[in-house]
Structure formats: structure tokens, C-alpha cells
Amino acid sequence: MQLSTITDKVRNAERLTREEGLFLLTHGELLDLGECANIVRYRKNPDPRITFVVDTNPNYTNICNIDCIFCAFYRHSGEEGAYTHTVDEMIRKFKESAASGVTTILLQGGVNPALPFEYYVEMVERTVKEVPGVTPHFWSTSEIIGMAAVSGLTVPKVLQRLWDAGQRTIPGGGAEILSDRVKKKISHLKGSSADWLSVMREAHAIGFTSTATMMYGHLETNDDIVEHLESIRALQDEHHGFTAFVPWSFKPGNTPLEKIIPHYATPMRYLQMIAISRIYLDNFDHVQASWFSEGKKTGQIAVHFGADDFGGTLFEENVHAAANFVNKSNTEEVINLIRDAGFTPAQRSTTYEILRICEEPQAA
Amino acid sequence: MIEFRDTLLTPIWDKVRRGERLSLEDGIALYATGDLIGLGKMAHFVQQQKSGDAVYYVLNQKIEHTNICVLSCKFCDFAVKKGDADAYEMTTEDILSKLTPDIHEVHITGGMPADWPWERYLDIVRSIHERFPAIDVKAFTAVEIDFFHKKFKLSIEEVLRQLKAAGLRTMPGGGAEVFSERVRKLLFNQKIGAKAWFEVHTTAHRLGIPTNSTMLYGHIETIEERLIHMMKLREAQDETGGFLTFIPLAFQPGDTGIKPRDRFTSAIDDLKTIAVSRLMLDNFPHIKAYWVMLTEEVASVALHFGADDMDGTVGEERIAHDAGAVSPMKLAKDQIIKIIRDAGKIPVERDVYYNPLRISADNVIGKIPYLNSVPFYHAFEKRQFRILPVAPRRMGLLQEKDQIIAGPFSLMDYFRHEERLDLLEWCIATRDQVKSVMLFSNHGWADLDGKKIGITDDTATSVRLLQVLLEKKYQVKATFERLHAGINDLGGFDAVLLIGDEALRRNKFGLEGFEIIYDLAEEWYEWKKMPFVFAVWAASKSLTKETQMELNVAIERSLADAEGSYGAIGALHGRRIGLTQADVEAYLEGFNYRLGERERDAMKEFRKLVFELENVSIH
């Protein structure tokens with residue numbers, strides 16, 4: 001196998017095999033990856049534009065019975081610092097957010113068995129009705145499986161109820177690495193790769209769109225990364241339900257995994273992940289640079305390595321904050337970061353429609 | 001090759017590939033481009049030519065001996081006045097107590113107090129040098145040297161001579177800011193200007209003190225001013241060759257008296273500045289990604305945009321930290337190593353002259369950093385291998401520690417470690433002349449008896465060839481002394497042995513102070529009618545036969561490709577040595593890279609002669 005044959009395939013818009021993806025990730029120089037990623041990026045999104053979404057990421061509960069060793073956020077029921085908010089409290093929060101310009105609410109929490117299924121349905125219904133300016137982007141796959149468990153319904157039924165309540169998109173978190181070898185070690189109670197994929201498959205079949213994520217930088221190998229990309233590319237071929245792919249690095253601070261993995265994954269590795277996913281996921285429209293989890297400067301570089309989206313403004317974010325990784329920002333700053341990186345910022349909706357293009361400010 | 005998104009970069013890339021110097025207009029186009037990847041790939045190409053896959057770091061300790069300063073520069077929030085609550089002054093003992101024997105470099109800069117006597121500075125340097133002989137002292141910016149010169153009424157040369165005698169090895173590059181009178185008047189009016197800065201540095205270079213250089217960017221300077229800054233450094237480097245590295249420093253907005261901009265430089269500006277400097281400063285060996293100011297995020301990516309130097313472990317760094325640099329105070333050695341390895345590069349722990357001391361990577365192949373070795377690597381497909389350029393003698397030392405799996409080892413090193421190595425099919429052998437292993441002398445061979453000969457620090461085999469020629473061919477004996485700090489200070493030597501590109505350049509242009517030039521391979525050929533084998537490719541016996549085979553195939557392919565491209569190699573490499581394309585072609589034609597019977601016989605003959613010599617220590 002030779003690098004030049006793989007890069008030629010990318011130029012000719014041919015699909016890479018798993019072996020080719022692995023070879024490229026293992027032997028490709030960083031800037032060769034970047035060059036290939038840009039070929040795909042500009043083929044799919046020819047404008048020199050980087051989108052962002054004005055969003056917030058509140059949590060309704062931190063009580064969780066899954067015990068993932070990469071998480072610093074969760075508490076057990078009754079433990080100090082454990083909380084669960086009522087639907088009223090959350091709706092009040094959402095209204096405040098909407099008033100400050102938020103269009104997407106990414107709502108996730110722990111998997112709390114004390115909450116009845118009605119809680120979730122009510123949260124969706126009331127959001128749609130009472131906070132019409134925002135899109136509810138609620139519940140990870142683990143929470144959806146949790147709802148099936150408390151309600152005794154099947155996952156498709158749970159999803160249908162949420163759809164009927166007005167929900168149209170779901171976040172792609174909880175995928176971690178879709179390799180059962182790795183999953184068993186880091187989140188043995190969270191379900192297998194097949195669980196995440198089957199919830200997503202059911203959701204896409206109903207008509208939901210979602211993102212797909214990947215959390216790397218712990219126990220995975222390059223082979224696991226490519227396995228992950230292969231799984232979601234294959235699923236995307238079925239319903240085209242994924243809007244974007246979002247990789248982020250594991251943050252070991254305050255987690256049990258910290259003892260095994262003392263160092264944060266480097267920005268280099270992040271750029272490789274952005275680029276290889278942009279190249280490999282030929283059926284995805286967008287790849288998101290997660291500046292809030294990787295750092296602003298890394299985010300600025302990542303948009304030159306194939307990413308065309310800068311993620312959200314994240315007015316509230318607790319999970320990374322719990323791992324001592326805090327990156328405060330706001331809309332104005334996100335716009336400046338994108339401009340300084342050499343692109344035109346554009347605000348988008350949850351489902352990647354352009355809402356407004358932020359043209360260069362007129363010179364005074 | 002490179003697929004540019006910005007076609008304005010194409011003519012610049014053509015110049016880079018031909019080894020041509022870039023103009024101010026080229027620099028402006030590079031800064032203006034939106035094609036960050038295209039820019040980076042050009043800079044990475046140059047980086048690979050200069051340092052292969054190596055990224056250097058040093059185990060160092062920063063000392064700021066005092067924060068009391070007679071100047072009050074607007075951009076500095078480090079300096080205080082004597083009597084201020086947070087003023088401090090370190091004694092020589094305080095400084096010594098901060099040092100440990102495991103570090104290799106101490107970096108000393110600080111404020112400029114009105115009442116310290118000259119002897120106090122000399123005492124600091126001397127005491128460190130005496131107490132910790134393995135720690136190299138890098139001390140005092142040009143601003144401080146100029147201050148000593150004025151305050152103690154000594155010429156700049158005298159200040160530097162005395163510091164060198166006390167143990168000073170190199171100097172940091174601070175105080176350059178931006179070489180623009182406009183900016184200096186607005187921001188740094190108390191600091192020395194470009195003229196004084198260059199006077200200090202070029203004087204140091206002539207005394208055999210290599211130095212660093214810096215540029216503070218991201219405040220009020222224009223892109224053109226940045227580029228002119230680089231071009232002035234490039235011009236000075238043409239004259240002295242004494243700059244080791246260039247360090248772009250991103251301005252830190254903070255509590256300083258000036259507010260030229262309220263934001264940190266963007267990551268894109270940082271990477272562009274690294275890449276543009278790598279491309280503009282064609283005669284600089286190294287470009288440093290100084291993580292303390294650049295942030296760890298950008299510094300690690302910069303290793304693919306032209307930077308081959310990660311600074312060091314840095315014990316204390318008050319100046320940048322007081323102004324709000326976001327990097328952690330101390331980046332541990334293993335984190336530096338991890339960053340470099342994740343970048344696919346070789347972490348190379350270095351000494352003050354960038355000699356490799358220890359490398360932390362597998363599958364490393366040595367590369368002799370001379371023109372005559374280029375054909376081996378010209379079209380070498382690396383795959384799992386990583387390439388480390390290292391002078392012949394140092395390559396042998398690394399092989400001894402099992403840090404290099406294969407390479408063109410100096411013949412003497414192969415003899416010494418034969419039992420651990422498998423010979424491959426390649427060598428660096430001359431036909432008659434070599435043109436790059438040269439003795440520059442003031443005496444004929446017969447008159448060198450009892451004379452002192454300076455020997456380049458890089459050689460393992462040429463020095464023994466010289467000894468064989470002296471003792472066996474001409475029946476004379478001379479004494480040898482290593483030139484550890486280059487060839488700027490050659491007073492006291494009757495002859496000098498140089499090898500590699502420096503010898504090639506001096507063979508063409510002469511070496512001041514020496515009238516006769518001898519080509520050692522030619523001397524050998526006239527005597528023995530045999531080729532001379534300077535190096536042989538060998539691989540560690542621990543390598544599998546399969547890997548050895550892969551390596552042989554990769555070298556074979558590269559040589560075959562190179563043999564049709566001596567013209568292109570000449571275009572890329574000739575200019576920096578001062579050779580025409582035709583010179584390079586003729587030079588490379590003079591080598592035989594395949595180890596045949598004649599070469600093996602020549603090796604045998606040399607081995608017999610060299611082991612008859614009494615071993616003379618020259619370390």
C-alpha cells in the first residue's frame with residue numbers, strides 16, 4: 001500500500017477502505033492529512049465559511065448509575081452535590097436562554113432511574129410549546145435506553161413518543177469509541193457499540209437527525225478509531241440521519257482514568273482526528289471543531305484541517321467544567337475567533353441551516 | 001507534492017525548491033495567504049531538509065538574578081525599583097542552590113540594577129561553570145551586555161571576552177523586539193536599537209559565542225516590519241553564521257503599560273510566523289516554538305510548520321508569567337517528549353550547541369547532514385523510520401547507546417562496533433578526490449611535526465585518516481585539539497581539519513589565516529591508489545532481516561532516483577554552501593555509494609594502518 005494511491009483516491013472522490021484509512025492515519029504526515037481533508041471539505045462546503053450555533057448545554061440531573069471511569073460529572077443518588085431539576089426549573093432556564101438569543105438547547109444528564117418517562121416527554125412538550133424560538137436537542141442514547149428501562153417500552157416506542165411530543169434532533173454523545181474492546185474497559189455499564197448504533201438507527205428511521213461523536217485519547221488504538229469511523233459511515237449510508245461528526249479528546253482531570261492516562265491528548269492528535277474523519281466520512285456533510293473542549297487556538301487551527309463548523313457558544317456547560325477544563329466564551333468571541341482564523345463566520349440552526357452570515361465589519 | 005489552494009504560492013514554492021532566497025514581496029504573499037496548509041507544507045519541507053524528523057529540547061533552568069532595573073520599559077511588568085516591596089536580588093549562592101546536576105543548560109537574564117559591580121556577574125558565570133562543569137551557561141541579552149559595556153566602561157568585545165573566559169558558552173536572543181525605529185520610539189524607547197543589538201551579537205559570534213535571536217510580534221508592528229526584521233537577521237547570519245535559532249515571541253497582553261491590542265495573537269498568526277520565518281531565514285539552523293508564550297497547543301502543531309526546537313523544561317519563568325501567559329509554569333520533560341512523539345517526530349535532548357545527547361524514539365535512522373549524503377535520503381520513503389541528522393562522530397556515540405538502528409556510520413565507528421552491526425550494501429567512498437575532508441594548513445606535511453592541529457568536533461574517521469597520513473606517509477607527529485565551538489576563533493592553531501559542507505565551502509573560498517589546502521582522500525589515493533571509504537551503512541543486529549531488507553530497498557530506490565537528479569539536488573543545496581549547480585554535480589559524481597570489492601579492500605588496508613597507530617586521545 002502506498003500513500004500516493006490513497007491520496008489519489010481522495011482527489012477522485014473514491015471511498016477509502018478500512019485498511020486505507022488505517023494506513024493514512026498511521027503513516028500520513030499531519031499536513032498531508034490536512035491537505036486531503038481540505039479537498040473533501042471544499043468539495044462539500046465550497047464557501048470559506050465557518051458555521052456556529054448559539055446554544056447552551058444545561059444539565060437536568062447529575063445522578064447516574066452507569067459509573068464510567070472517564071467521567072468527573074456524575075454523582076450517585078443521595079451523594080453530596082447530587083441534584084435533579086424539575087421540568088419547571090428547566091423551562092425557566094430555557095426561557096432565559098431563549099431571551100439571550102439561544103436557538104439550540106443541548107440537554108443531557110445522568111441516567112437517573114428515579115425519573116419517570118413522563119418527565120422526559122413533558123420536558124419536550126413544554127419546551128416546544130412554551131419556548132418556541134429554540135430547538136430541543138435532548139437526551140443521549142444512554143438516557144433513551146434508560147427511558148426504555150423505566151417505562152417498559154421498547155426503544156423505538158420511546159423514540160416515537162419523543163417525536164410525537166415534538167422533538168426532531170438528538171445529540172450524538174455517548175458514542176465514546178465504538179469498539180467493544182475499549183468500551184468494556186471504560187464504560188462497562190453503558191452498553192455496547194451496537195446499543196449506541198441501534199438507538200441511532202431507530203431514531204434516523206423515524207426521521208430524527210443527530211450528530212455523531214467520538215471521544216478518543218484514552219485506551220484506544222488507531223485501529224479502534226477507524227473501526228468507529230467505519231461503523232458510523234455504514235449507518236449513515238442507511239438513512240443519512242447524521243448532520244455532523246464531532247470528535248473530542250478525553251479529559252482525564254478528576255476521573256478514575258486519570259491514574260492510567262495522566263496526560264491530555266495533544267492538539268496534534270486532535271487535528272489528525274478532525275482530518276481523518278473528514279476524509280473517511282465521505283457521506284457526512286459537516287465536521288465540527290470543538291473549540292470548547294480542545295482550546296480556542298486548537299479550534300482555530302482545526303478549521304484549516306477539514307472542519308467547517310465551530311460548534312456552539314455554550315452559555316452553560318458542566319461536564320468538562322467538572323474535569324477542570326473550563327473555556328468560557330460567548331457569541332462575540334466565537335465570531336472573532338473564526339474571523340482571526342481567516343474565515344467568514346455564519347450562525348446556523350441545530351440542523352445546519354444558515355441563519356445569518358456575519359460579514360466583515362465595515363472599517364471605521 | 002503540494003496542491004496549493006492559493007495559486008500565488010506556486011512561484012514561491014518553485015523558489016524554495018531551487019534553494020533561492022525569498023524576497024520581501026514573497027514574505028508578504030506568504031503572510032497574506034489563506035492556504036495555511038500550503039504554507040505549512042513548504043516550511044515543513046525546509047524543516048525536513050535542515051533537521052529531518054528531529055525536534056530538540058534541553059533540560060534547562062531559568063535564572064532571573066534580580067528584578068530591579070534601571071530601565072522602565074512600558075511593555076514589561078517584571079521590573080521593579082530598588083526598595084519596592086517585591087524587589088529581590090539573588091546572590092551567587094542563591095543561584096547555585098537552584099541548580100541540579102541533571103540539567104544541561106542554565107539560562108540567565110534579569111533586571112539591570114544600578115549598584116551591582118562587574119565582578120558579581122563574572123562570579124555568577126564562573127561559579128556555575130566551576131561547580132557544575134556539565135551545565136552550559138547561556139547568559140545575558142544584548143541589552144544587558146550593552147549595559148555592562150556602558151556602566152563598566154569596557155568595550156563590548158572586552159565584556160564578552162571576560163564572560164567567555166569565565167565560562168559563558170552562548171547568549172540568549174532577547175531584547176531584539178522588532179528592528180524598527182518607528183516601533184522602538186513608540187514602545188521600547190529605553191532599549192537599545194537594532195544597531196547596538198547586532199553589534200553585540202556579531203561580536204559574540206566572532207569570539208566563538210553562538211547566540212539566539214528573537215522577534216516580539218503581535219503588538220503594533222506591521223507585517224512588513226516583521227519581515228524586515230527577519231531579513232536583517234538573515235543578512236547578519238550570512239556574515240557570521242553564529243545564530244543557532246530564531247524564536248518568535250507572541251506579545252502577551254496583560255498588565256503592561258501598553259495596550260496595543262487586547263487579544264492574544266491568533267493561532268493562525270502564530271503558525272504563519274513560525275512558517276514564514278522558517279522560509280525567510282534560509283541560513284538559520286533552527287526555529288524555536290517557545291511554548292511558554294506560544295501555549296502548548298500551538299507549539300506542538302508548530303512542529304509541522306517549520307519549528308524543530310521546543311526550548312526546554314524551564315524551571316522558572318517570571319517575565320512572561322507575570323503578564324498572564326496561560327502555559328503552566330513548568331512543562332515536565334515527559335510531557336515535552338509526549339508532544340514531540342505524538343507529532344511523529346524524534347524527541348532529541350540536546351546540549352547547548354544542539355548536539356544530540358539522548359533520543360526517545362524507536363526506528364531512528366541516522367543521516368550525515370552533509371551534501372554528499374543527500375542521495376540516500378533524496379526520495380526515501382520513510383514509513384516506520386524516522387530520520388535524525390547527526391554529525392558522524394555523534395552518530396557513533398548514539399549507536400553506542402543503542403539509540404539509532406541504522407545509518408551511514410563513520411568507518412571508525414563501524415570498526416569499533418562491528419560485532420553489533422550488520423553491514424548493508426552502501427557506503428560513502430571517494431574515487432580520488434573528496435573536496436570535503438580538508439586540512440587547512442600553514443605548513444607543508446613534513447613541517448607539521450610537533451604542531452597543533454584543530455580538529456572539527458564532528459569527525460571520527462577523517463581525524464584517523466589524517467593521523468595515518470601524518471605518521472605513516474610522512475613520518476611526522478602532530479597534536480590534535482577538538483574545536484568545540486566552531487571555527488570562528490582559530491588563533492593558536494597551525495592547521496585545521498574540517499569535514500562536510502564547511503570544508504567544501506572553505507575548499508572553494510579559502511579559510512582565512514591558512515594558506516595551504518590538502519584533500520585527504522587525494523593524499524590517500526596518490527599513496528595507495530585506492531578509494532577511501534569514509535562511512536558504511538550498517539544496521540543494528542537486533543533489526544529483523546525483514547526490516548533490513550525494507551531499508552535496503554528504500555535506500556536503493558532513493559539512490560536510483562537521486563542519480564538522475566544531481567542537477568535538482570544542486571539547485572536545492574548548492575546556494576547555501578556557495579556552490580553552483582555544476583559544482584554540486586561534479587562533487588556528487590566523485591562519490592561511489594555502492595560497497596564493492598575495491599571499497600572492501602580499501603577498508604582492510606585502512607584498518608591495518610589505523611590499528612598500528614598508538615591511540616592518541618584528542619577529547
Side-chain angles (χ1 to χ4, degrees), chain A residues 1-4 7-8 10-11 23 25-39 41-42 46 48 217 249 261-272 275 289 291 294-306 327 332-333 336-344, chain B residues 1-6 32-45 47-48 53 250 261-272 275 294-306 326 331-332 334-345 381-385:
Chain A
M1 201 176 292
Q2 274 195 313
L3 274 177
S4 54
T7 53
D8 283 348
V10 174
R11 279 195 186 89
F23 190 90
L25 178 57
T26 310
H27 295 300
E29 293 268 8
L30 177 69
L31 296 185
D32 293 333
L33 284 174
E35 190 177 329
C36 285
N38 276 331
I39 290 171
R41 181 259 197 248
Y42 285 102
S249 65
I261 303 156
H263 295 298
Y264 284 30
T266 61
M268 266 288 310
R269 184 74 176 158
Y270 181 63
L271 298 176
Q272 281 180 337
W291 61 268
E294 308 307 319
K296 291 167 192 168
K297 288 200 169 199
T298 304
Q300 287 185 309
I301 301 167
V303 294
H304 287 271
F305 280 77
N327 237 321
E332 201 50 44
E333 189 177 9
N336 282 334
L337 287 170
I338 294 171
R339 265 202 194 113
D340 276 356
F343 290 88
T344 305
Chain B
M1 279 294 95
I2 309 183
E3 185 169 307
F4 290 108
R5 306 200 63 79
D6 175 1
T33 189
D35 187 356
L36 186 70
I37 300 282
L39 171 62
K41 284 191 89 167
M42 288 197 279
H44 194 237
F45 172 82
Q47 175 190 348
Q48 297 246 296
D53 297 310
R261 38 181 292 144
D262 57 356
R263 308 188 226 154
F264 287 89
T265 52
S266 79
I268 307 308
D269 192 11
D270 295 337
L271 290 178
K272 278 187 175 176
L294 216 46
T295 74
E296 211 179 304
E297 284 174 78
V298 179
S300 72
V301 180
L303 303 183
H304 285 267
F305 281 79
V326 293
L331 186 59
D334 59 348
Q335 181 72 353
I336 294 183
I337 290 175
K338 181 176 157 50
I339 290 171
I340 299 172
R341 286 172 70 124
D342 271 11
K345 306 283 181 185
E381 195 176 338
K382 285 193 297 196
R383 297 286 180 92
Q384 76 269 35
F385 302 116

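Proteins get letters first, then strands, A, B, ... in listed order; numbering begins at 1 in each.
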S.K.: Mind listing the closest non-hydrogen atom pair of Gly40(B) and Leu31(A) along with its distance?
M.R.: C-CD1, 3.2 Å
S.K.: Any side-chain to backbone donor/acceptor pair from Lys297(A) onto Thr265(B)? Under 3.5 Å, distance only.
M.R.: yes
S.K.: Given heavy-atom pairs under 4.5 angstrom as the criterion, report whether the side chain, backbone, both or neither of His304(B) touches chain A.
M.R.: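 Answer is both: backbone and side chain atoms of His304(B) are under 4.5 Å from chain A.
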S.K.: Please determine, among Asp35(B), Leu36(B), Leu271(B), the option with the most heavy-atom pairs under 4.5 Å with chain A.
M.R.: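 Top option by heavy-atom pairs under 4.5 Å: Leu36(B).
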S.K.: Could you tell me the separation between the OG atom of Ser300(B) and the CD1 atom of Ile301(A), rounded to the nearest 0.5 Å?
M.R.: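 Between atom OG of Ser300(B) and atom CD1 of Ile301(A) there are 7.5 Å.
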S.K.: Identify, with sequence neighbours excluded, every residue that meets side chain to side chain contact (heavy atoms under 4.5 Å, CB included) alongside Leu3(A).
M.R.: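 Applying side chain to side chain contact (heavy atoms under 4.5 Å, CB included) to Leu3(A) gives Phe23(A), Leu24(A).
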S.K.: To check you understand the geometry: which heavy-atom pair defines the closest contact between Ala343(B) and Met268(A), and what is its length?
M.R.: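 Minimum heavy-atom contact is CA-CE, 3.5 Å.
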S.K.: For His304(A), is it the side chain, the backbone, both, or neither that has a heavy atom closer than 4.5 Å to a heavy atom of chain B?
M.R.: both
S.K.: When you compare the side chain of Gln48(B) with that of Glu29(A), does any pair of heavy atoms fall below 4.5 Å?
M.R.: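 Heavy-atom side-chain distance check passes, below 4.5 Å.
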S.K.: Would you please test Asp340(A) and Ser266(B) for side-chain hydrogen bond (donor to acceptor under 3.5 Å, both in side chains) and show each step?
M.R.: CA-CA 6 Å; Asp340(A) 276 356; Ser266(B) 79; 5.2 Å; no
S.K.: Can you list the residues that meet the salt bridge (charged side-chain N to carboxylate O under 4.0 Å, His left out) rule with Glu35(A), with sequence neighbours excluded?
M.R.: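 So Glu35(A) forms a salt bridge (charged side-chain N to carboxylate O under 4.0 Å, His left out) with Arg11(A), Lys41(B).
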S.K.: Ile268(B) and Ala341(A): which non-hydrogen atoms are nearest, and at how many Å?
M.R.: CG1-CA, 3.5 Å
S.K.: Got a second to check how far Leu30(A)'s CG is from Ile37(B)'s CD1, nearest 0.5 Å?
M.R.: 7.0 Å
S.K.: Looking at Asp270(B), Ile2(B), Asp342(B), which has the largest count of heavy-atom pairs under 4.5 Å with chain A?
M.R.: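 Option with the greatest count: Asp342(B).
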